[in-house]
Colleague: 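Sharing a structure, written as structure tokens. Questions coming.
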Amino acid sequence: MSAVTPMVQAEGVSKSFGTNHVLRGIDLTVDPGEVLCIIGPSGSGKSTFLRCINHLERVDAGRLAVDGQVVGYRQHGDKLYELKPKEAARQRREIGMVFQRFNLFPHMTALENVIEAPIRVKGLAKGRAVERAEELLERVGLGDKGDHYPSQLSGGQQQRVAIARALAMDPKLMLFDEPTSALDPELVGEVLDVMKGLAASGMTMIVVTHEMGFAREVADAVVFMDGGVVVESGDPSEVLANPRHERTKAFLSKVL
């Protein structure tokens with residue numbers, strides 16, 4: 001049996017902003033269909049790591065591959081050559097990203113937000129794009145909101161449109177950067193429910209989150225990051241219920 005190519009493989013990934021070492025040698029593997037939740041205090045490097053995966057940030061050292069391809073670079077022998085912006089953008093298409101802030105186009109309806117990239121970037125015919133967008137809005141529970149503008153939608157609804165928009169590009173990997181942290185508490189559940197559905201459908205997901213219940217219920221693995229390093233990783237029941245490290249224990253005592 002051939003070994004499965006990891007969907008994400010990070011080896012010694014480091015990143016600094018000036019003198020600030022944000023990532024200090026991150027090693028991490030996510031297999032296809034797996035859901036990984038990354039937890040940890042603010043400033044621990046979680047969001048930066050996500051941004052490195054889709055080359056919104058360049059890695060200073062180490063190697064990061066998605067589905068066997070080095071992110072942002074082409075490999076020739078032992079040498080890495082940075083991809084041109086256009087090639088990097090093409091690679092990024094395969095990776096969906098949902099941010100804290102919904103970043104929807106305010107002058108476009110929910111439906112228009114979802115069809116924009118498939119038509120412009122992928123060259124999908126408008127009729128097909130609309131059909132697909134309607135399916136996706138239905139999937140995130142917003143089948144009747146396609147003609148609404150972002151200002152007419154709640155935060156939770158806007159975030160679900162943002163998820164539909166990311167899915168419209170048929171990504172093989174979905175990244176979520178604290179997707180519920182900007183929402184009112186009563187709207188968090190509707191977004192997490194959509195994410196649970198995605199996980200159940202077999203989508204590979206990396207989720208930076210403060211929602212420990214979601215991590216416990218949905219994640220295949222949990223990683224605790226602090227100070228730019230992976231302090232602890234493993235099965236959610238182990239990391240969340242029986243953490244081995246003092247730093248993990250101290251963090252969880254504040255959030256659980």
Side-chain angles (χ1 to χ4, degrees), residues 35 37 47 50-51 53-57 66 85-211 214 218:
V35 177
C37 282
S47 296
L50 275 198
R51 293 171 69 83
I53 294 174
N54 66 356
H55 203 54
L56 289 174
E57 298 288 356
V66 171
K86 230 181 183 156
E87 294 174 284
R90 194 170 300 135
Q91 211 179 35
R92 201 177 287 131
R93 277 186 213 176
E94 311 234 88
I95 304 170
M97 183 140 184
V98 178
F99 299 88
Q100 275 184 34
R101 298 274 162 205
F102 328 121
N103 300 344
L104 298 177
F105 297 115
H107 60 290
M108 292 183 182
T109 63
L111 185 83
E112 287 166 344
N113 266 285
V114 178
I115 65 174
E116 175 76 357
I119 291 173
R120 274 182 189 255
V121 180
K122 279 193 154 177
L124 200 62
K126 186 173 180 186
R128 179 68 195 110
V130 167
E131 215 173 282
R132 177 94 175 104
E134 286 172 343
E135 285 167 16
L136 288 169
L137 287 171
E138 192 67 51
R139 183 173 176 182
V140 299
L142 295 171
D144 57 343
K145 299 281 192 252
D147 58 352
H148 286 49
Y149 288 90
S151 61
Q152 300 170 303
L153 300 171
S154 71
Q157 289 170 331
Q158 289 183 61
Q159 191 61 297
R160 286 185 281 152
V161 173
I163 293 173
R165 180 179 60 179
L167 292 174
M169 292 295 283
D170 291 319
K172 51 186 167 189
L173 169 66
M174 284 284 282
L175 308 175
F176 292 87
D177 189 8
E178 300 196 8
T180 58
S181 66
L183 300 177
D184 292 333
E186 70 270 21
L187 303 176
V188 168
E190 63 192 47
V191 173
L192 293 180
D193 283 344
V194 169
M195 292 168 64
K196 286 174 191 170
L198 269 184
S201 75
M203 174 63 78
T204 312
M205 294 160 57
I206 301 180
V207 185
V208 169
T209 187
H210 290 298
E211 300 292 337
F214 175 82
V218 181

Colleague: Is Leu56 close to Arg92 at the side-chain level, that is, under 4.5 Å between some pair of heavy atoms?
Modeller: yes
Colleague: Going by the side-chain contact (heavy atoms from CB on, under 4.5 Å) test, name the single residue among Asp184, Leu183, Val188 that passes it with Glu186.
Modeller: Asp184
Colleague: May I have all residue pairs that pass side-chain hydrogen bond (donor to acceptor under 3.5 Å, both in side chains) and include part of residues 133-146, sequence neighbours excluded?
Modeller: Arg139-Ser201
Colleague: Show the nearest heavy-atom pair for residues Gly155 and Leu187, with the distance to one decimal.
Modeller: N-CD1, 4.1 Å
Colleague: Do Val207 and Cys37 have side chains that approach each other closer than 4.5 Å (heavy atoms only, starting at C-beta)?
Modeller: yes
Colleague: Enter the distance from Ile206:CD1 to Asp177:CG here, rounded to the nearest 0.5 Å.
Modeller: 11.5 Å
Colleague: With sequence neighbours left out, write down each residue that passes side-chain contact (heavy atoms from CB on, under 4.5 Å) with Ala168, or none if nothing qualifies.
Modeller: Val114, Pro118, Leu136
Colleague: Just verifying a value: how many Å separate Thr180 OG1 and Glu211 CD, rounded to the nearest 0.5 Å?
Modeller: 4.0 Å
Colleague: Which residue pairs satisfy the salt bridge (charged side-chain N to carboxylate O under 4.0 Å, His left out) criterion with at least one member in residues 94-105, sequence neighbours excluded?
Modeller: Glu94-Lys172
Colleague: Specify the closest pair of heavy atoms between Val121 and Arg93, including all atoms of both residues, with the distance to one decimal.
Modeller: CG1-NE, 3.3 Å
Colleague: When Val191 is tested against each of Gln157, Lys196, Gln159 for side-chain contact (heavy atoms from CB on, under 4.5 Å), which residue passes?
Modeller: Gln159
Colleague: Can you give me the closest heavy-atom contact between Ile53 and Ile95, atom names plus distance?
Modeller: O-CD1, 3.7 Å
Colleague: Indicate the atoms forming the closest heavy-atom contact of Ala133 with Ile115, along with that distance.
Modeller: CB-CG2, 3.5 Å
Colleague: Just so I know, are the side chains of Met97 and Arg51 near enough to count as touching, which here means a heavy-atom distance under 4.5 Å?
Modeller: yes
Colleague: Counting only pairs under 3.5 Å, give me each side-chain donor-acceptor contact of residues 146-153, with atom names and distances, residues two or more places apart or in other chains.
Modeller:
unit_1	atom_1	unit_2	atom_2	d
Gln152	OE1	Tyr149	N	2.7

Colleague: Mind jotting down which residue pairs meet the side-chain hydrogen bond (donor to acceptor under 3.5 Å, both in side chains) criterion with at least one end in residues 115-129? Sequence neighbours excluded, please.
Modeller: Glu116-Arg120, Arg128-Glu131
Colleague: Please report the interatomic distance CG(Leu198) to OG1(Thr204), rounded to the nearest 0.5 Å.
Modeller: 11.0 Å
Colleague: Is the shortest heavy-atom distance from the side chain of Met174 to the side chain of Leu167 under 4.5 Å?
Modeller: yes
Colleague: Work out which heavy atom in Gly96 is nearest to a heavy atom in Pro171; give both atom names and the distance.
Modeller: N-CB, 3.4 Å
Colleague: Less than 4.5 Å apart, side chain to side chain, heavy atoms only: is that true for Val218 and Met195?
Modeller: no
Colleague: Could you grab the distance from atom CG of Asn54 to atom CD of Glu57, nearest 0.5 Å is fine?
Modeller: 9.5 Å
Colleague: Could you give all pairs that pass the side-chain hydrogen bond (donor to acceptor under 3.5 Å, both in side chains) test and reach residues 160-170, with sequence neighbours left out?
Modeller: Arg132-Asp170, Arg160-Glu190
Colleague: Using side chain to side chain contact (heavy atoms under 4.5 Å, CB included), reason through Met205 and Phe176 one step at a time and then give a plain yes or no.
Modeller: CA-CA 8 Å; Met205 294 160 57; Phe176 292 87; 3.7 Å; yes
Colleague: For residues Leu124 and Ala129, report the shortest heavy-atom separation together with the two atoms involved.
Modeller: CD2-CA, 3.7 Å
